[in-house]
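See structure below.
In what follows, every chain begins at residue 1, and chains take the letters A, B, ... in the order their sequences are listed.
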There are 2 protein chains.
Amino acid sequence: MSREAVQIGEAAKVSGVKVPTIRYYEQIGLLPALSRTEGNRRTYDAADVQRLVFIRHARELGFEIDAIRALLSLQDKPNQSCAEADAIARARLAEVDQRLTSLSALKAELKHMIEGCAHGKIAQCRVIEVLADHGECRHHFA
Amino acid sequence: MSREAVQIGEAAKVSGVKVPTIRYYEQIGLLPALSRTEGNRRTYDAADVQRLVFIRHARELGFEIDAIRALLSLQDKPNQSCAEADAIARARLAEVDQRLTSLSALKAELKHMIEGCAHGKIAQCRVIEVLADHGECRHHFA
DNA sequence: CTACATCCTCTAGTCACTAGAGGAGCAAAC
DNA sequence: GTTTGCTCCTCTAGTGACTAGAGGATGTAG
């Protein structure tokens, strides 16, 4: 119905992506060429804003721009076979799994640190010790 | 006993921090001024290597350089109160918790996508949808 | 019609590295 | 004793993903 097209400031407010970042995303080709007003201002319709929200979420979750680009390319051609999507999804899943493992370990360590700190001096804290000595950690993070 | 002083390559191998990164850390003052050999080569004793391991772990776990600098400064004056270290740890814990929540949700959706993809088209996958619409997510991440 | 917000482009800065050029030190092989 | 080859040195520049600022155009409200 309504051709609700907003300008960049409103798009930023709604999507949660900052104005210069939106322009940056356009520059690197993460957003398609946008329509402009007479006065050369970018306009964003609902789909564009949706795309921005998607990008923000993915970035917050630690996806790199190239991974997001891949996912977006899938979104743009939704009738293809799933082989490609499957490959991308599996790769991301592996990445996510590894991140989860590392973060769980970190969480345990941080809790431990805070508990240790509750009653003492740094000399008794294990923050540094834990991070310096932590034997079973994984070297390759992401 | 042994004044085991190694050169940068060995220090890198043992600590898991790359050679140029070690030099970079020295440059930004994360490592103290190092002793050099006659031929101007950096030498690292056990404590230096320990410090590098500590830094690597902290970086892998998502600590920023400034946070690490703070922790190291605490390490260097270990008789002070823990308040500062505690604050740093608590801040990280909150962030890590949030990240864990988001990643768990994403993992579920990626699994769902892979399952869904086994028999269908991308149109039936929910990853993109989920990332675009995810309502209960938090905007302010770090 | 003048203020003022919002937009435009462009360049440069940030963080935490990473890569490369060009050269010196040092150990062993010929 | 010199040549091969490895590790090291400094220095500059490049990366990813933004972020900040200059300087100017547009669009709206009083």
Side-chain angles (χ1 to χ4, degrees), chain A residues 5-31 33-45 48-49 51-72 95 139-142, chain B residues 5-31 33-45 48-49 51-72 92 95 99 139-142:
Chain A
V6 297
Q7 291 194 345
I8 199 166
E10 184 65 14
K13 209 170 291 173
V14 172
S15 69
V17 180
K18 287 177 195 157
V19 168
T21 307
I22 294 177
R23 286 198 276 251
Y24 168 72
Y25 286 161
E26 182 185 341
Q27 191 191 314
I28 63 169
L30 210 56
L31 295 176
L34 296 147
S35 48
R36 303 278 185 119
T37 67
E38 275 290 308
N40 197 33
R41 300 187 168 196
R42 292 167 179 85
T43 55
Y44 301 82
D45 63 18
D48 296 323
V49 174
R51 201 174 174 103
L52 281 170
V53 172
F54 168 77
I55 293 168
R56 179 172 63 77
H57 283 264
R59 288 293 301 135
E60 281 173 354
L61 292 172
F63 283 79
E64 288 171 12
I65 295 286
D66 276 354
I68 295 170
R69 210 187 291 276
L71 288 171
L72 282 171
E95 190 185 310
H139 283 209
H140 308 297
F141 196 66
Chain B
V6 297
Q7 291 194 345
I8 200 167
E10 184 66 13
K13 209 169 291 174
V14 173
S15 69
V17 181
K18 287 178 197 158
V19 169
T21 306
I22 294 177
R23 286 198 277 251
Y24 168 73
Y25 286 160
E26 182 185 340
Q27 192 192 312
I28 63 169
L30 211 56
L31 295 176
L34 295 148
S35 48
R36 302 279 185 119
T37 66
E38 276 290 305
N40 197 34
R41 299 187 170 198
R42 291 167 180 86
T43 54
Y44 301 83
D45 64 18
D48 296 323
V49 174
R51 201 174 174 101
L52 281 170
V53 172
F54 167 76
I55 294 168
R56 179 171 64 76
H57 284 261
R59 287 295 299 136
E60 281 174 353
L61 294 173
F63 284 81
E64 285 172 14
I65 294 288
D66 275 354
I68 296 171
R69 210 189 292 274
L71 288 171
L72 283 171
R92 297 305 302 179
E95 188 184 319
R99 220 173 258 247
H139 283 208
H140 307 296
F141 199 68

- prompt: How close or far is atom P of C:dA16 from atom CZ of B:Phe63, stated in whole angstroms?
  reply: 14 Å

- line: Considering only heavy side-chain atoms of B:Tyr24, the closest of D:dC9, D:dT19, C:dC17 is C:dC17

- request: Take the protein atom CD1 of B:Ile8 and the nucleotide atom C1' of C:dG25, then report the distance between them rounded to whole Å.
  value: 15 Å

message: Base, sugar-phosphate or nothing for A:Gln7? Non-hydrogen atoms, less than 4.0 Å.
response: sugar-phosphate

message: Rounding to an integer number of Å, can you tell me how far A:Ile65 CD1 sits from D:dT15 P?
response: 16 Å

message: Taking donor-acceptor contacts at under 3.5 Å, does the side chain of B:Arg23 reach the base of D:dT10?
response: no

message: Once rounded to the nearest 0.5 Å, what's the spacing between atom CG of B:Leu30 and atom CD1 of B:Ile22?
response: 11.5 Å

query: Roughly how far, to the nearest 0.5 Å, is CG of A:Leu52 from CG of A:Leu31?
result: 5.0 Å

field: B:Glu10 CD - D:dC6 C1' separation (whole Å)
entry: 14 Å

query: Starting at the 5' end of DNA chain D and moving along, which residue's nearest nucleotide shows up first, A:Ile28 or B:Arg36?
result: B:Arg36

Under 4.0 angstrom between A:Lys18 side-chain N/O and D:dT19 OP1 or OP2: yes

Presence of B:Tyr25 side-chain N/O under 4.0 Å of C:dC17 phosphate oxygens OP1/OP2: yes

task: Measure from the side-chain heavy atoms of B:Glu64 and tell me the nearest of D:dA17, D:dC9, C:dA16.
output: C:dA16

task: With rounding to the nearest 0.5 Å, note down the distance linking CZ in B:Arg69 to CD1 in B:Ile55.
output: 9.5 Å

field: Between C1' of C:dC10 and CD of A:Glu26, the distance in whole Å
entry: 14 Å

query: Going through the distances and angles, do A:Arg51 and A:Asp48 end up as a salt bridge (charged side-chain N to carboxylate O under 4.0 Å, His left out)?
result: CA-CA 5 Å; A:Arg51 201 174 174 103; A:Asp48 296 323; over 6 Å; no

message: Nearest to the side chain of B:Arg59, heavy atoms from C-beta on, is which of C:dA16, D:dT10, D:dT19?
response: C:dA16

- request: Side-chain contact test, heavy atoms from C-beta onward, threshold under 4.5 Å: evaluate it for B:Val6 versus B:Val14 and give yes or no.
  value: no

task: Check the distance between D:dC9's C1' and B:Glu38's CD and give it to me in whole angstrom.
output: 15 Å

message: Suppose we call a contact any N or O donor and acceptor under 3.5 Å apart; does that hold for the side chain of A:Arg41 and the base of D:dG27?
response: no

Nearest-Å distance for atom pair CD/P, residues B:Gln27 and D:dC9: 13 Å

message: Nearest heavy atom decides the nucleotide; on that basis, is A:Asn40 or A:Thr21 closer to the 5' end of DNA chain D?
response: A:Thr21

statement: Rounded to whole Å, CD1 of B:Ile22 lies from P of D:dT7 at a distance of 14 Å

